[in-house]
Amino acid sequence: MSRLVVVSNRIGDPRKPSAGGLAVALGQALQSTGGLWFGWSGKVVEGGTPGEGELHLGHAGRVQLATVDLCSEDHRSYYLGYSNGVLWPVFHYRLDLADFDAGFVGGYRRVNQMFAHRLANLLRPDDIIWVHDYHLIPLAAELRAMGCRQRIGFFLHIPLPPPLILAAIPEHDWLMRSLFAYDLVGFQSQADLAHFSRYVGHEVAADVVDDHTFRAFGMTLRAQALPIGIDVDEFSALSRSRESQDMFRQMRLEYARRRLLLGVERLDYSKGLPQRLRAFRQLLQNYPENIGSATLIQIASPSRESVDAYANLRQELESLSGAINGDFGELDWMPVRYIHRNVARRRLPGLYQAARVALVTPLRDGMNLVAKEFVAVQDPGDPGVLVLSRFAGAAEQLAEALQVNPYDISRTAETMQRALQMTQPERQERHQALLRRIREQDVHWWCQGFLDALVGPAAG
Ligand code: ADQ
């Protein structure tokens with residue numbers, strides 16, 4: 001059996017429960033082949049030389065770990081600058097937030113070259129290489145330039161926007177050309193795949209052989225939509241942990257007379273948080289029976305705080321939630337609990353179980369795993385309701401959720417009300433259908449599906 005090599009910006013220790021379903025699934029795939037996981041160590045070396053990160057080798061069980069440090073300049077330009085200040089906003093349709101002229105692309109290219117050099121020395125001829133996400137788009141092209149002939153696949157965890165949005169990136173042609181160095185490119189949704197097909201058809205005049213096969217620059221690429229899932233059993237097991245059950249009991253006690261609506265995400269402008277708070281305000285205004293009862297718990301964990309757009313968003317959320325509490329709160333009831341902290345992964349299931357409604361209303365999201373985690377741990381006899389943005393990748397799979405356009409504040413408020421009032425039989429029926437799909441298309445299905453497509457017959 002060939003060895004699997006996973007490359008991602010950050011690597012997780014697959015043995016730790018805090019690692020999450022993706023790390024667990026990749027960890028299992030890596031364990032079975034005695035594989036290698038390569039990525040940034042998470043360490044930033046002040047004043048080091050750009051493009052010269054130290055390599056560290058270690059082990060997690062049978063998995064070999066190889067990590068590289070970044071110097072502060074590479075961290076600034078590759079990670080904060082190009083990955084999170086250009087690619088992240090544009091791929092989430094936010095051209096207004098992209099910082100195109102700061103010259104970050106040099107650092108992005110340099111770090112990809114450095115990763116390729118460090119990795120190439122560790123590769124064996126029959127390795128299968130799986131590269132993850134927008135930080136590493138040009139990695140395969142760099143590896144190929146160094147003579148690597150292994151099969152290389154790429155999975156984009158965030159959305160791919162329509163061609164004219166993508167084309168606003170000054171280096172879009174270089175980025176998209178780099179994708180052709182992969183044998184297989186995976187997207188989260190059919191919509192992303194359709195954008196890719198249109199882009200390469202128009203901008204590159206690629207030969208679109210069929211829905212999944214594209215020829216350009218003398219290379220052939222397969223592209224596929226393969227929605228990422230969660231590890232349902234692992235997450236359900238977590239819901240039986242003491243920490244999770246303590247959390248559930250605490251919440252039930254504290255909010256015994258309330259109906260909880262819950263939002264959980266990283267604090268990010270793609271997640272639609274200001275719109276969600278405005279819709280919640282309208283819920284209280286338009287349906288006053290919720291006053292004294294409906295409580296929104298909004299967890300928004302700190303993320304990329306040194307990027308300006310994130311600091312502004314934090315202020316906006318504090319002011320919106322403060323205003324709702326000031327206008328509607330009572331001595332014994334605060335409508336919004338806004339918490340700018342991480343929740344330990346072991347406690348999350350208990351929080352999901354205590355909520356009557358989950359609000360997953362991003363303006364744009366590659367997939368959104370919170371939606372799936374919420375469904376996975378509901379009590380099938382008395383489940384909560386998922387309110388889901390039609391602009392999350394998960395919306396293609398989760399048709400039985402109550403879907404909303406998060407920009408439409410009053411309809412979102414109406415849908416929150418509908419979710420709060422939904423009868424038990426309707427909740428059960430929707431939940432059953434959602435859970436079935438989440439189980440069928442879980443993270444192991446996703447992982448195996450990608451690897452089968454990657455090692456399948458050569459694209460030609
Ligand atoms: P993210 O944007 O980080 O990931 P998401 O899929 O919602 O988003 O969450 C990933 C994990 O983080 C989940 O397991 C969730 O439980 C956890 N998490 C989120 N907020 C948390 C919080 N405040 N406290 C504790 N845990 C929290 C990117 C893409 C997504 C895509 C994933 C996987 O942006 O669209 O679903 O990758 O491909």
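Residue numbers run from 1 in the order of the sequence given. Everything quoted here is computed from the prediction, not taken from an experiment. Read the numbers this way: they start at 1 and go in the same order the structure lists the ligands and their atoms.
Between F214 and F196, the angle of the ring planes goes over 60°, which puts this pair in the perpendicular group of the 30/60° scheme. Ring geometry for F450 against F155 counts as perpendicular: the plane angle is over 60°, on a 0 to 90° scale with 30° as the lower cut.
For the pair I158 and ligand 1, the shortest N or O to N or O distance does not fall below 3.5 Å. For the pair I299 and ligand 1, the shortest N or O to N or O distance does not fall below 3.5 Å. Annotation: A300 places no N or O atom under 3.5 Å from an N or O atom of ligand 1; distance criterion only.
One option in V343, D365, I230 has a heavy atom closer to atom 34 (O) of ligand 1 than any other, and that option is D365.
No hydrogens or angles considered: nothing links the side chains of Q190 and E396 as a donor-acceptor pair under 3.5 Å. Side-chain contact of D192 with S189: a donor-acceptor pair under 3.5 Å is present, judged by distance alone.
With a 4.0 Å cut-off on non-hydrogen atoms, E265 touches ligand 1 through its backbone and not its side chain. Neither the backbone nor the side chain of R347 comes within contact range of ligand 1; no heavy atom lies under 4.0 Å. Under 4.0 Å from ligand 1, the heavy atoms of Y352 that appear belong solely to its side chain. Residue contacts with ligand 1 for N368 involve both N, CA, C or O and side-chain atoms from C-beta outward (heavy atoms, distance under 4.0 Å). Residue contacts with ligand 1 for F91 are absent, since no atom lies close enough (heavy atoms, distance under 4.0 Å).
Proximity to G366 (heavy-atom distance under 4.0 Å) selects the following atoms of ligand 1: 35 (O). With ligand atoms numbered from 1 in the order given, ligand 1 contributes 16 (O), 26 (N) to contacts under 4.0 Å with heavy atoms of L348. Per-residue contacts place V264 under 4.0 angstrom from the following atoms of ligand 1 (heavy atoms of the residue considered): 20 (N), 21 (C), 22 (C), 23 (N). Residue-ligand proximity, I228 to ligand 1, at heavy-atom distances under 4.0 Å covers atoms 38 (O). Every atom of ligand 1 with a heavy atom of W88 under 4.0 Å away is listed here by number and element: 34 (O). Interface atoms of ligand 1 facing Q188, defined by a heavy-atom separation under 4.0 Å, are 31 (C), 38 (O). For ligand 1, the atoms sitting less than 4.0 Å from at least one non-hydrogen atom of E373 are 13 (C), 14 (O), 15 (C), 16 (O), numbered in the order shown with element in parentheses.
The backbone N or O of L166 sits nowhere less than 3.5 Å from a side-chain atom of H172 that would complete a donor-acceptor pair. In terms of modelled atom types and a separation under 3.5 Å, the side chain of R151 and the main chain of I128 share no donor-acceptor contact. Of the possible polar contacts, none joining the H92 side chain to the P159 backbone as a donor-acceptor pair under 3.5 Å is found.
Counting non-hydrogen atoms of other residues, nucleotides and ligands closer than 6.0 Å to CD of E318 gives a total above 12.
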Checklist entry - Going through the distances and angles, do L273 and E316 end up as a side chain to side chain contact (heavy atoms under 4.5 Å, CB included)? => result CA-CA 9 Å; L273 293 167; E316 187 182 2; over 6 Å; no
Item to check | side chain to side chain contact (heavy atoms under 4.5 Å, CB included) between L277 and Y338, intermediate numbers included | outcome: CA-CA 10 Å; L277 283 171; Y338 166 64; 5.8 Å; no
